[in-house]
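Take a look at the structure below.
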Amino acid sequence: MTVVTRFAPSPTGTLHIGGARTALFNWLFARNKAGRFLLRIEDTDRARSTPEAVGAILDGLGWLGLDWDGDAQSQFDGVQRHAEVAQRLLAEGKAYQCFCTPDELSEMREAARREGRSMRYDGRWRDRDPASAPSGVDPVIRLKMPQEGATVIDDQVQGEVTVANDQLDDLVLLRADGTPTYMLAVVVDDHDADVTHVIRGDDHLTNTFRQFQIYRSLGWEAPAFAHVPLLHGSDGSKLSKRHGALGVGEYRDQGYLPEAMRNYLLRLGWSHGDDEIIDTEHAIAWFTLDAIGRSPARFDKERLDSLNAHYLRHADDGRLTDLVMTGLAANSARNIADEALNRLIMGMPGLKERATTLLDLTDSAAFYAQSRPLSLGDKAAKLLNDTTLGHLKGLRDPLVELKEWSDEAIEVLVRRFAEDEGLKLGKIAQPLRAALTGATVSPPIFEVMRVLGQEETLGRLDDVLGGI
RNA sequence: GACCCCAUCGUCUAGAGGCCUAGGACUCCACCCUUUCAAGGUGGCAACACGGGUUCGAAUCCCGUUGGGGUCACCA
């Protein structure tokens, strides 16, 4: 039997990282089993669902590289089918019509609350003749839950979970307006799509008992369930916006790489021995449900940063250059010369070694792309005084005459110059860095000079030397 | 409140009765390397929530306590 998993978000907001992790686990499991990974948009709540949210979810999944099989389904398209199933259950006597008014129900809840009981529907219409129904009240259809015994779920993550059936009340299948509830819709959709493994957030665990009974009443085989613990904020509280529950799109905008995000999300609640850096190929090969932890994990930005820095260092130079160019173009609103592009590609190995996010990679790369004269930062400007400018002036001529413009040749020349002047290398390297990059921090200075090229290097030197 | 789930360094985790003097990673600190900043290397700080059992032996099994989370809708 081929494994079928699905990700079923409701389109009421962005794809936040908790949802992204659920999607990742489903995707990984399906790929590991050479199965299918489906996407279903649970949009039956017409008031809260928006096309923008659907777009955000699709974009987020696309960015993360989580491709789904077939077309994304809309749950709303199945309302007809859902209603038919509910009617079938009614006809078979496994469900019944309930004519309670909203007021009656809230009274029931109120009473239960007062008596410190669990708030459950008391089943007052379960065995009552519909003929005795009050006029003017549209009925809902409720499922007849078993009243004795217990329901047991053999969860792939949580283990065997049991709940006494007297804890379960007769849930609503079809609303008074004829639309299906979520409980009915998921069951029908998962069954119709031949879903074999339902991997979803922990918050659905207790709902599963109810859904399990719907499967049973319908005579359908229930899929395997795997409830993964929810993500928490950095302080252990429920994940909220201020704790990092941003949409994945916002992480993209903050300069994170999708592969870093994937690795980070994977290791949150899942492990494979001591492995930390796990590429997608290995993630697919190694992923199993039983390695998912049972306790909730907290979101930790520093860990994400560290992973991102790692993937940045190992990313392809051409790809990073494209990404940086986009950022640079957005910043300067100016076209970037071919020359600058070349420098960016050549300088990328030294640049990416030092960056944490795409944003600071872009910042630190800017000096390569800038045209003369460079604007100097405060610290850099401070480094250039009469003394240091004097040194740079002295270095200029030998630089002009240098025939071979390589890291090594430049280094030999500069070192000899410093030695001749009785200076420590740093005394000449830092002013040089300031003049050439406009900053006090950069990739190794000889590498910078090589990438800049002889002409540009001398030009930038002349720019700061102009005054003397 | 009722029901369900969870509990190892600050964080993510390894650990499935003796291999544990509890390992790795992130963070932090020190040192090395060094033209800056990183990266890298070496070393360090740091945990089995608590209380009872079971056992020759428990981080691992059982019970309780405490703490955290989730669910209790004609939302999904």
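Both backbone and side-chain heavy atoms feed into the values below; hydrogens, waters and symmetry mates do not. In what follows, chains are A, B, ... by sequence order, proteins preceding strands, each numbered from 1.
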Base, sugar-phosphate or nothing for A:Val140? Non-hydrogen atoms, less than 4.0 Å. base

Electrostatic pair A:Asp169-A:Arg210, nearest N-O below 4.0 angstrom: yes

Rounding to an integer number of angstrom, what distance separates B:A14 and B:U60 when you compare their P atoms? 16 Å

Generate the contact string for nucleotides 35-51 of chain B. Rules: B means base contact, S means sugar-phosphate contact only, - means no protein heavy atom under 4.0 Å. BBBBS------------

Within residues 270-281 of chain A: residues closer than 4.0 Å to RNA chain B (heavy atoms): A:Ser271, A:Gly273, A:Asp274, A:Glu276

Verify the ring-centre separation between A:Trp68 and A:Phe7: is it less than 6.0 angstrom? no

Residues A:Glu259, A:Arg319: salt bridge by 4.0 Å N-O rule: yes

Heavy-atom check, side chain of A:Asp279 versus side chain of A:Asn263, under 4.5 Å: no

What distance separates A:His391 NE2 from A:Lys427 NZ, expressed to the nearest 0.5 Å? 9.5 Å

Identify whether any heavy atom of A:Arg267 sits under 4.0 Å from a base atom; if not, whether one sits that close to sugar-phosphate; answer base, sugar-phosphate or nothing. base

Please determine whether a side-chain nitrogen or oxygen atom of A:Arg142 lies at a distance below 4.0 Å from atom OP1 or OP2 of B:C74. yes

Between P on B:U27 and CZ on A:Arg298, what's the gap in Å once rounded to a whole number? 19 Å

Work out how far the P atom of B:C28 is from that of B:C37, and round it to whole angstrom. 15 Å

Would you mind classifying the nucleic acid contact of A:Thr44 as base, sugar-phosphate or nothing, using non-hydrogen atoms under 4.0 angstrom? sugar-phosphate

Could you tell me whether A:Asp203 contacts a base, only the sugar-phosphate backbone, or nothing, with contacts defined as non-hydrogen atoms closer than 4.0 Å? sugar-phosphate

Do the non-hydrogen side-chain atoms of A:Glu84 and A:Val188 ever get within less than 4.5 Å of each other? no

P spacing across the pair B:U11 / B:A47, given as an integer number of angstrom: 12 Å

When you compare B:U21 with B:C33, how far apart are their P atoms, in angstrom units rounded to a whole number? 37 Å

Spacing between A:Leu143 atom CG and B:C74 atom P, to the nearest angstrom: 14 Å

Taking the P atom of each, how far is B:G23 from B:G43, in whole Å? 13 Å

Quick one: do A:Arg416 and A:Asp420 make a salt bridge, cutoff under 4.0 Å? no

Nearest-angstrom distance, C1' atom, B:G52 to B:G18: 23 Å

Starting the side chain at C-beta, find the nucleotide from B:C6, B:C3, B:A76 nearest to A:Met183. B:A76

Could you let me know what B:A14 is paired to, Watson-Crick or G-U wobble, both distances under 3.5 Å, or none if it's on its own? none

Between A:Asp300 (CG) and B:G10 (P), how many Å, whole number? 13 Å

Using atom C1' in both nucleotides, what's the gap between B:A49 and B:C3 to the nearest angstrom? 24 Å

Integer-rounded Å distance: B:C3 P and A:Arg210 CZ: 14 Å

Across all strands, who's sitting opposite B:C50 as a Watson-Crick or G-U wobble pair, both distances under 3.5 Å? B:G64

Using atom P in both nucleotides, what's the gap between B:A39 and B:G57 to the nearest angstrom? 49 Å

Nucleotide B:C4, atom C1' - distance to CZ of A:Phe225 in whole Å: 15 Å

Measure CZ/A:Arg200 against P/B:U71 and give the value in whole Å, please. 12 Å

Without decimals, in angstroms, what is the distance between A:Asp155 CG and B:U71 C1'? 15 Å

Electrostatic pair A:Glu276-A:Arg303, nearest N-O below 4.0 angstrom: yes

Of the nucleotides B:C12, B:C4, B:C74, which has the atom closest to the A:Pro102 side chain? B:C74

May I ask you to say what A:Gly269 touches in the nucleic acid, namely base, sugar-phosphate or nothing, with a heavy-atom cut-off under 4.0 Å? sugar-phosphate

Just say parallel, tilted or perpendicular for the rings of A:Phe287 and A:Phe25, cut-offs at 30° and 60°. tilted

Quick one: label A:Ala176 by what it contacts on the DNA or RNA (base, sugar-phosphate, nothing), any heavy atom closer than 4.0 Å. base

Describe the nucleic acid contact of A:Thr206 in one word from base, sugar-phosphate, nothing, applying a heavy-atom distance below 4.0 Å. base

How close or far is atom C1' of B:C12 from atom CZ of A:Arg294, stated in whole angstroms? 16 Å

Nearest listed nucleotide, side chain of A:Leu230, among B:C4, B:G70, B:A76: B:G70

How would you label the contact of A:Leu432 with the nucleic acid (heavy atoms, under 4.0 Å): base, sugar-phosphate, or nothing? nothing

Salt bridge A:Glu419-A:Arg415, side-chain N to carboxylate O under 4.0 Å: no

With sequence neighbours excluded, tell me which residues meet ring-ring contact (aromatic ring centres under 6.0 Å, His included) with A:Phe29. A:His197

Applying the Watson-Crick and G-U wobble criteria at under 3.5 Å, what pairs with B:G1? Answer none if nothing qualifies. B:C72

Quick one: label A:Cys98 by what it contacts on the DNA or RNA (base, sugar-phosphate, nothing), any heavy atom closer than 4.0 Å. nothing

Taking a pair as Watson-Crick or G-U wobble with both distances under 3.5 Å, which nucleotide is matched to B:C37? none

Contact class for A:Ser364 (heavy atom, under 4.0 Å): base, sugar-phosphate, or nothing? nothing

Measure up the A:His272 and A:Trp286 rings against each other and bin them: parallel (under 30°), tilted (30 to 60°), perpendicular (over 60°). parallel

Assuming nearest nucleotide by heavy-atom distance, tell me which of A:Ala164 and A:Arg48 is located more 5' along RNA chain B. A:Ala164

Select base, sugar-phosphate, or nothing to describe what A:His204 touches, counting heavy atoms under 4.0 Å on all strands. base

Would the base of B:A76 count as contacting A:Asp43 through its side chain, where contact means a donor and an acceptor less than 3.5 Å apart? no

Taking atom types as modelled and ignoring hydrogens, do the side chains of A:Thr280 and A:Arg262 form a donor-acceptor contact shorter than 3.5 angstrom? yes

